[in-house]
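Beneath this line is the structure, given in structure tokens, with notes to follow.
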Amino acid sequence: MASKSEQRAEYLLRLGDDRLVLGHRLSEWCGHAPILEEDIALANIALDLVGQATLLLGRAGTVEGKGRDADALAYLREAVEFRNALLVELPKGDFALTIVRQLFFGVFVLLQAEALQKSTDRDLAGIAAKGVKESRYHVRHSADWVVKLGAGTEESHARTQRGVDDLWRYTGELFLADDVDRAVAAESFGVDPSTLESAWQATVRDVLSRAGLTIPATTYMQRGGREGRHTEHLGHMLAEMQIVARSHPGASW
């Protein structure tokens, strides 16, 4: 049976890895967004996510007690050691798909951060409080875009609907709770993700309805990321993200 500190560290890794991986994915839009203002907006959201990841992985390293800091956890782990949800590691796709993913993940993170402000871990509660302010902007930004694209031209509507169709089956994993989630929730260190699903559904369904978009009928949901079973895409992404740190161990500048 895992110790309390091991469960806490595992939980913090999940929080940090979600944000780190999506922050890197979002940074791939830098210089490629459809308009200059959006290029800056996406880069800023990516920086917010990487900033949150740095704090969460740093806290995970402290709780873990093995001498690994945020950089070591970000750059020196293999794909099977990452605990992010599959949703965030998928390729960025076109702009519509990116925006739909930002809505799905952003609403989840906002609800999660609001709950974590009450964590008994003061460091985690402080990180969450900072994240709430950023996440509110992220949700407002993505929701506005989803409505614009969904209610826009025939092509923008079709692409946005395709993004919903492609990503919906990855959303269920966000709310799966296992022994780690239930243990940290029981001691008010963390939050059971299953308790967030009804509020997430209400918000996302409202935005998609206003955009004239349809939720797929399928109930099948992909899973595996929390146990280290990832898609092929994560390994390729990490190879790019980690190459400098792995090529020059211990280097600083």
Side-chain angles (χ1 to χ4, degrees), residues 1-23 49-50 52-70 72-90 104-132 135 169-201 221-231 234-235 238:
M1 178 180 294
S3 68
K4 185 173 291 186
S5 62
E6 288 173 335
Q7 290 173 328
R8 291 178 176 181
E10 174 76 9
Y11 180 72
L12 289 164
L13 282 178
R14 295 175 184 185
L15 300 179
D17 286 349
D18 276 353
R19 291 154 179 79
L20 176 67
V21 172
L22 186 56
L49 292 172
V50 173
Q52 292 174 23
T54 301
L55 296 173
L56 290 163
L57 292 179
R59 185 65 184 137
T62 300
V63 172
E64 177 188 66
K66 296 181 180 178
R68 297 193 293 182
D69 60 12
L73 289 169
Y75 295 127
L76 301 179
R77 282 184 296 153
E78 304 294 336
V80 294
E81 298 175 273
F82 273 73
R83 294 294 181 262
N84 58 277
L86 299 179
L87 174 68
V88 300
E89 70 191 45
L90 301 174
F104 288 170
F105 183 74
V107 174
F108 170 72
V109 165
L110 176 57
L111 295 169
Q112 187 182 59
E114 287 176 339
L116 286 174
Q117 291 181 106
K118 300 175 183 177
S119 171
T120 52
D121 184 277
R122 294 184 61 182
D123 290 322
L124 179 53
I127 296 170
K130 178 178 181 296
V132 165
S135 296
R169 66 183 183 275
Y170 292 94
T171 59
E173 186 182 29
L174 297 174
F175 309 103
L176 291 178
D178 61 10
D179 290 344
V180 170
D181 295 303
R182 287 186 282 270
V184 296
E187 60 171 334
S188 298
F189 180 93
V191 58
D192 182 337
S194 65
T195 63
L196 309 176
E197 185 168 9
S198 61
W200 183 89
Q201 289 275 355
M221 291 289 165
Q222 297 279 359
R223 59 182 300 176
R226 301 302 191 206
E227 295 84 39
R229 293 182 284 111
H230 296 281
T231 68
L234 181 64
L238 292 179

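Just so it is clear, the structure is predicted and the values come from calculations on it, not from any experiment.
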*asked:* In the structure I gave you, are the side-chain heavy atoms of V109 and R19 within less than 4.5 Å of one another anywhere?
replied: yes

*Worked check of side chain to side chain contact (heavy atoms under 4.5 Å, CB included) between T171 and M221*: CA-CA 7 Å; T171 59; M221 291 289 165; 3.9 Å; yes

*Would you mind telling me which of Q7, R14, R226 makes a side-chain hydrogen bond (donor to acceptor under 3.5 Å, both in side chains) with D181?*
R14

*Where the side chain of R122 meets the backbone of S119, is there a donor-acceptor pair that is under 3.5 Å apart?*
no

_Check against side chain to side chain contact (heavy atoms under 4.5 Å, CB included), L13 and E81_ = CA-CA 10 Å; L13 282 178; E81 298 175 273; over 6 Å; no

*Identify the two heavy atoms, one from D192 and one from A177, that lie closest to each other, and give their separation to 0.1 Å.*
OD1-CB, 3.1 Å

*Check E173 against L86 and note the closest heavy-atom contact, atom names and distance.*
OE1-N, 2.9 Å

*If every non-hydrogen atom of R223 is compared with every non-hydrogen atom of R229, which pair is closest and at what distance?*
O-NH1, 4.1 Å

*asked:* Under the side chain to side chain contact (heavy atoms under 4.5 Å, CB included) test against L234, which residue among V88, L90, N84 passes?
replied: N84

_Could you go through D121 and R8, starting from their C-alpha distance and side-chain angles, then the distance that decides it, and tell me whether this counts as salt bridge (charged side-chain N to carboxylate O under 4.0 Å, His left out)?_
CA-CA 10 Å; D121 184 277; R8 291 178 176 181; 5.5 Å; no

*Any donor and acceptor pair, going by atom type alone, linking the side chain of R59 with main-chain N or O of L55 inside 3.5 Å?*
no

*Counting only N and O atoms by type, is there a donor-acceptor contact under 3.5 Å from the side chain of T120 to the main-chain atoms of S188?*
yes

_Where L124 and L15 come nearest, the two heavy atoms and their spacing_ = CD1-CD1, 4.0 Å

_On a heavy-atom basis, which atom in L87 and which in F104 lie closest, and how many Å separate them?_
CD2-CB, 4.3 Å

_When you compare the side chain of V132 with that of L110, does any pair of heavy atoms fall below 4.5 Å?_
yes

_I'd like to know if the side chain of Y170 and the backbone of A85 have a donor-acceptor N/O pair within less than 3.5 Å._
no

_Test item: L12 and L57 side chains (from C-beta on) under 4.5 Å apart, heavy atoms_ = no

*asked:* Tell me if a side-chain donor or acceptor on E89 pairs with a main-chain N or O of V21 at a distance below 3.5 Å.
replied: no

_Minimal non-hydrogen separation, P193 against L176, with atom names_ = CG-O, 3.4 Å

